[in-house]
Structure formats: C-alpha cells, structure tokens
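As the structure lists them, so they are numbered: ligands from 1, and atoms in each ligand from 1.
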Amino acid sequence: MKKALNDEISECFDEVVALRRDFHRHPELGFQEYRTAAKVEEYLKELGIPTERIAGTGVVGLIKGSKPGKTLLLRADMDALPVQEASGLPFASETPGVMHACGHDGHMAMLLVAAKLLMARRDQLYGNVKLVFQPNEESDGAIHLIREGVLESPKVDTAFAVHLWTPLPSGTIGLQAGPVMGEMFIFKIKLTGKGGHSSAPQEGIDPILCAASVIQGVQAIQTREISSLNPTTIVFGKITSDGAYNVISGQVMLEGTLRYLYDGEDNTPQHPKKRFRRVVEGLCAAHNVGCEIELIPSNYTVINDAGSVAFLKEQVLPHLVTADCIQPYCCMAGEDFSEFTNRAGIPGALVFIGTGNPEAGSHHAHHTAQFNIDEATLLDGVRLHVHTALEYLSE
Ligand SMILES: [Zn+2]
Ligand SMILES: [Zn+2]
C-alpha cells in the first residue's frame, strides 16, 4: 500500500520538475506574484480544489477529507528575490533582475503535486488539508495571511512547511525540536550629546566617544552573557553623525542587526533584546548621553514544536529516508513561518530538505546568482507533504 503510493509519487517526477522550471522561468517579487498565483489557482481548480485569494497574491486551497477531523496547514512560499540570475540554466529567469534564488519555485511545485495526490485520496482523510501558497516570505507575508484569517474557517490545528536547503546534502533531512531559524531585529540607536568646539571637549558631551563604548560594550552580550552554544550576533552596519573633524557632534546614529536563536519568554531580562537595551542604556548613562533605541522586528525565531517533530520522525520520515539520513539542524537565517507556529501558537514544524549536490550544480548559497536546487530532491518534498497529511489525518 505504502510502497504503491511512493511509486506513484516517483511517477510524478517529470511533472514536479516541469512546474518548478515554469515558476523558475517566471519569478516575481514579494506581493507581486500575480502570474504565480494564477498558475497555482489554475492547477488547483483543475483538480477540483476550491481556492481563495488572500493578501493580494496569496492562494489558499482546501481539500476536504471525506470524514470530519482536524485541519492541517501545509505552506509553500511563492516569492523570488531581486537577484540577476547567473546560473546559466536553460530555464533561467526571463525577468531581468529577479530570480528564484531561495528554492521557493520548488516549494510550490512540491505542494501542488502533493495536492494532486491527496485530492485523489480524500476518502482516506479524516479532516482537511489547507494548502497555503504564501507571498512575500522574504519580508513579511505570513503575518498578512494571519491577519486576513488564514488560520480560521476551518480552524488550523497544526502547520508544517519545508525548505529546500543547499547547505545540507541531497538525500538528508534537517530536523530538530526547539529553535531552528534565527530571529532578527534591526536596531537604530540615536545618541544625543552636546555639540561644541573640539578644543574644549569638557564643555560638550561627545556622543562619538559614547558610540565607541556602545559598539564595544554590547559585544559582551554574545561573548560573556549568553552561552556560546546559543548563537547571537550583533553587527553595526552604519554610523552617522552631525559633527565635523573639528566639531564635537551633537548626535550620532548607530544602525545594525541583532540576530539570535532564543526560545525563552519574550519579556524576561534574559532575552537578547532586553540585554541589548540594558547595556546600551547603561553605557549611555555613564557617558551622560541621551539615547533612543528602536528595535524593528524583521522575523521571529522559528521554534519547532517537540510533539510535531516527534510525529514527523516516528510516522512520516520513515516513508522518505532511513534514520541515518536525518540530522539535527538549525541556522541563523530568517523565515516567517514563525508567524504560524510559535507566534500564532499553532503547533508545527519546519523541515529542511537537503538539496546540496555539486554534481547537480546545487552547492551554491541561497540568495546568490548561481543558486540552484537538485531537482531529484523535489520528490522528497512531495513525499513529506503527502505522508504528513495521510498520517496526521488518519483515523
Ligand atoms: Zn530566502
Ligand atoms: Zn526561502
């Protein structure tokens, strides 16, 4: 029975590749996925799956199982990146300056083919599969879908997503419970001193000297306050002031990024954001410099639910790979799948599907002009989606 299904999935190889290549040829940036959305809708409608538009270019399809039960959300992201493709592939982007350089073309193809196989097995499903094609993952697509009710009617009980991942070799799966993708905040710090003549620094308050302390001082957070086993990076990318070579400036702006993998409570003193504020404010007080700190969320830590990970390892992954092909994995890159899981409180998990293979030319980093995936691994994603749904929505 299971073998037969996996054989049937294998027979979908040409179709999943063709879909992926079509998306790859026609990449669209976040919230501009018009052609992409139309293509997704057309495919689902042909299968008889009703669809709804959400957040402009998002598409939600609903497979209603023949028996009542829970609702499983499977997400594929749709957006490409502002990158000029230099892969040399015959199906390279036909849109100058835009490229599927993160594998989202593959994510959509995998979920569409999985939808086809699941639709044909509605009689085995106790509950519903909500197929979510999400725009603008690279920035902030998920939150818009949630605000427009993607988790309601029917109410979502669990959510899963996959990411094709070139840092992991083809044939392997990266999966672990807890934090798996980094949280990033952009910080902007305005330091206000008192300008003056540089011959008499005692008459002014020098925010540049304070800035130097802040830049040095916050590094203690990652090297002395947080375990080196919990990655944290604080990087200043831009410094500007209103001074001149012989003028003590009145104001300095510091901008940068704060990234970490943290799964504790948001409002505790141990949170990297709280530590950052404490250290910056303390140093500014010591320098008698006024400070305003703005922390702008970019994306939140993706935290995989332990129960969902156990479910995948015990009931789903054995359909795909042997146990030795599964490795614990986390990285500092950002993903807004966090909005569905730890932010909205829906238990679920994000699975990394290894697609790195020098022989397939898919050993380049994500977001680079040479990026490519190993198309042989597209079937891993189809299998993962199909078996996740069949197992989760079994009797
Ligand atoms: Zn990306
Ligand atoms: Zn991505």
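- No hydrogens or angles considered: a donor-acceptor pair under 3.5 Å links the side chains of D79 and H104.
- To the nearest 0.5 Å, atoms NZ (K188) and CD1 (I293) are separated by 14.5 Å.
- Side-chain atoms of E137 and H107 include no donor-acceptor pair closer than 3.5 Å.
- Each protein N, O or S atom less than 2.8 Å from the Zn ion (ligand 2) was counted, giving 3.
- Contacts classified as side-chain hydrogen bond (donor to acceptor under 3.5 Å, both in side chains) and involving residues 83-94 (residues at least two apart or in different chains) are given here: H24-E85, R25-E94, E85-S87.
- A single hydrophobic cluster is not seen to contain both I239 and I248; linkage of ILVMFWY side chains at heavy-atom distances under 4.5 Å, directly or through other members, places them apart.
- Side-chain contact check for N6 and H387: at least one donor-acceptor pair (N or O, by modelled atom type) lies under 3.5 Å.
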